[in-house]
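Numbers restart at 1 for each chain; the letters A, B, ... are given by sequence-line order, proteins then strands. This one's a predicted model, so the numbers in the text were calculated from it and none came from an experiment.
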2 protein chains.
Amino acid sequence: MFASNNGSTAAGRTPRQVTKPPVADPRRTLTLRDVSEASGVSEMTVSRVLRNRGDVSDATRERVLEAARSLGYVPNKIAGALASQRVNLVGVVIPSLSNMVFPEVLTGVSDTLEDTGLQPVVGVTNYSPEREETVIYEMLSWRPSGMIVAGLEHTDASRAMLAQAGIPIVEIMDIDGEPVDSAVGISHRRAGRQMAEAIIAAGYRRIAFCGTMMPYDHRARKRLEGFEDALRKAGLELADREYYSGGSALLKGREMTEAVLKRTPDVDFLYYSNDMIGAGGLLYCLDKGIDVPGKVGLAGFNGVELLDGLPRRLATMDACRLEIGRRAAEIIAGKHEGVIGGEVVELTPTLQPGDTIRA
Amino acid sequence: MFASNNGSTAAGRTPRQVTKPPVADPRRTLTLRDVSEASGVSEMTVSRVLRNRGDVSDATRERVLEAARSLGYVPNKIAGALASQRVNLVGVVIPSLSNMVFPEVLTGVSDTLEDTGLQPVVGVTNYSPEREETVIYEMLSWRPSGMIVAGLEHTDASRAMLAQAGIPIVEIMDIDGEPVDSAVGISHRRAGRQMAEAIIAAGYRRIAFCGTMMPYDHRARKRLEGFEDALRKAGLELADREYYSGGSALLKGREMTEAVLKRTPDVDFLYYSNDMIGAGGLLYCLDKGIDVPGKVGLAGFNGVELLDGLPRRLATMDACRLEIGRRAAEIIAGKHEGVIGGEVVELTPTLQPGDTIRA
DNA sequence: ACCATGGCTGTTAGCGGTAACATAGCGCAG
DNA sequence: CTGCGCTATGTTACCGCTAACAGCCATGGT
């Protein structure tokens, strides 16, 4: 991506040369038995101490902890999980890490899981259903305590695996569809509709759309569907549309905006499928001295905090990312007493008019 | 973070009420035995088929695969890993996901690991050494095949655990220090020095710094140290400095820039510890009609692609993020034949002068 | 003095796979 | 026909830990 990263191997320390098999460590990997021998109690007692479970006298507890510490013992969770049939992992499957939405959801998940003893494990699908299927399969093979998966659209095999897994499954971000088990998210159709209504109410009539054309970004698609529905209901239709994929979103936003405004000069509003390209469009308009929101109005989607520093606040709708992460994690952690599975939590995003829709 | 996410639980399907223990699934969780019974061969043969190992006749292979598929069998990696003493996971420990640098490194890691059968597992420390220690401990307890850890600064306990683990360890991003095992990164001291030299060469003399004050962002600190070294060597010192933490980086960049320019009006250059605040500074200057790079020059660090869409290209230095991820993964995957451990790979970032340093 | 009680520790039997070795056919050279 | 070398499959013994239960000892009520 950036050319000429001239890498050199500086032999700061003499690299160990080796013949074939990895150097047999002098010290085998430690087990409970080592700690038990070092502290003179049974393995079971050591296990109890290290897990803080069952009664152990303070004296032995001390002795064991000391031994474990001095040996540098790290328990083997693989063996532990197999024996106890319990795994403290929660699989989280998301399409991408470069779209800041998902790291934010993750933050919500981690925060909530923090004090439950559960730990999130992330898998990334790059918006590919096949990749998603693989990721889900791999994750399930570690027998996690729950799964959080972005979106409601999956391959049949994926749905089947999730349904069979016998653990809580939460599909997030979207609720326009039929979840495998539980779901937490917003209605993107409604979000799109709502934005369209606000735009129409503000008096804009020649409305264009700029967005991703990733075939598998179902949520962006649903927003656009809702958006167009609302336009139709008002007797309007999109004046123009422009799609992109890949590249710097900010730059793409500029380019698409330029393309649309040149091709359809009478456009008076641009609806972007996300805030980043919206920001690009905003910067373009400001550069060109176009009156925003007077001559052209702009709106995005997602409420990215990053945009706070722009010259003008872009109209947007937050997707409740943190909250989605939290709620999903709560369901997995079983914080909703008495109810198991089948929950659908609809969050309602707020429209933030910013400075790019006229009042 | 965004207030008033009014969540309601829409009971789309009847939530199952439960008494106490998780509903005992009608169908127990499947094991090799189930598949073996369904296909009329031994468990061992099934195992061989599913792992593609050892000779199995095409006829039985077909039969077994068919049985596994129709049952929806998902192998239990926990048991497999315990028995085979092999785990196809690589731990990746990074400070944060909101700084786009790390997702990019991750991309490099995943891409390279893709075809090695290894799988990255990410842990996030939030720049806390204690948290890092916990994360490392947790990860090691799953006995991964290797660990990639950001930075060279860790608690003693962390270093000890990593050193003892008996697996390849790669510390990434930074090479100014003593790695536990291998390291891949750039010299941040040198990067800072280089940037200072370029700025001085361009004729700027009243140079200020704006950056993070996270006590544990060692790399930003080292860059600043290198930067100041170079200034001193030229008989200069920082004209002013401003620190921040938290909040929207873009906005903070604006605020800090304003603060510095008001407090020290004769400043003619601002060096930012990252591109995002640098971008905020740039936007501020353009807003105020300040001549960039004539009256004030600007530079950041990291080469974030996101910035491509700004009105003017910020001077920066890329941190070789993708490449770092790739190289680290290669070391873990053992692609560097004949050498085991102790490698230090120094990558050299390129200075991209952009449009914010005068020629 | 006796036994129930409860606190602490040990024993046993797996968890669900896989490594390593054993075995059963089978073709074919001698 | 024997025996060797294959290939295809089965058997056995764990991997490192924990659930479940068993045992042991001091205590204390009666």
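Mapped onto DNA chain D by nearest heavy atom, B/Val56 and A/Pro75 fall at different nucleotides, with B/Val56 at the one closer to the 5' end.
When all heavy atoms of B/Leu152 and B/Arg159 are compared, the closest pair comes out as O-NH1, 3.5 Å.
Rounded to whole angstrom, the span from the CG atom of A/Asp55 across to the P atom of D/dC24 amounts to 19 Å. In this structure, the CG atom of B/Leu32 is 9 Å from the C1' atom of C/dT18, given to the nearest Å. For the pair B/Arg143 CZ and C/dT18 C1', the computed distance is 18 Å after rounding to whole Å. Rounded to an integer number of Å, the gap from A/Met44 CE to D/dG16 C1' is 12 Å. The distance between atom CG of B/Leu82 and atom P of D/dA13, rounded to the nearest whole Å, is 18 Å. With rounding to whole Å, B/Ile78 atom CD1 is found 13 Å from D/dT18 atom P. Atom CH2 of B/Trp142 and atom P of D/dC17 are 13 Å apart (whole Å). At whole-Å resolution of the value, CZ in A/Arg53 and P in C/dG10 are 19 Å apart.
Proximity note for B/Ser42 (side chain, C-beta onward) versus D/dT11, C/dG16, C/dG10: the nearest is D/dT11. Of the candidates C/dG17, D/dC17, C/dG10, C/dG10 carries the atom nearest the A/Val41 side chain, counting heavy atoms from C-beta on. Closest to the side chain of B/Glu43, from the set C/dC8, C/dG17, D/dT9, is C/dG17. For B/Ser84, the listed nucleotide lying nearest its side chain is C/dT18; candidates were D/dT9, C/dG17, C/dT18.
When heavy atoms are screened at a 4.0 angstrom cut-off, A/Arg86 is found touching the sugar-phosphate backbone but no base atom. Backbone-only contact: B/Asn76 has heavy atoms under 4.0 Å from sugar-phosphate atoms and none from a base. Among the heavy atoms of the strands lying under 4.0 Å from A/Arg51 are primed sugar atoms or P, OP1, OP2 only; no base atom is included.
Only one option out of B/Asn88, B/Val92, B/Val90, B/Ile167 pairs with B/Pro144 in a side-chain contact (heavy atoms from CB on, under 4.5 Å); it is B/Ile167.
In summary, B/Glu323 and B/Arg327 engage in a salt bridge, as defined by a charged side-chain N under 4.0 Å from a carboxylate O.
Taking only side-chain nitrogens and oxygens, A/Gln85 comes nearer than 4.0 Å to OP1 or OP2 of C/dG16. In terms of phosphate contacts, A/Thr31 brings no side-chain nitrogen or oxygen within less than 4.0 Å of OP1 or OP2 of D/dC15. Distances shown here put a side-chain N or O of B/Tyr73 below 4.0 Å from the OP1 or OP2 atom of C/dG17. Contact check, A/Ser57 against C/dG7: no side-chain N or O comes under 4.0 Å of OP1 or OP2.
One can find a donor-acceptor pair under 3.5 Å joining the base of D/dG10 and the side-chain atoms of B/Arg48.
A donor-acceptor pair is defined here as one N or O able to donate and one able to accept, closer than 3.5 Å; such a pair exists between the side chain of B/Ser182 and the backbone of B/Glu343. Judged by distance alone, with hydrogens and angles left aside, the side-chain atoms of B/Glu171 form a donor-acceptor pair with the main-chain N or O of B/Val180 at under 3.5 Å. Between the side chain of B/Asp181 and the backbone N or O of B/Gly342, at least one donor-acceptor pair lies under 3.5 Å.
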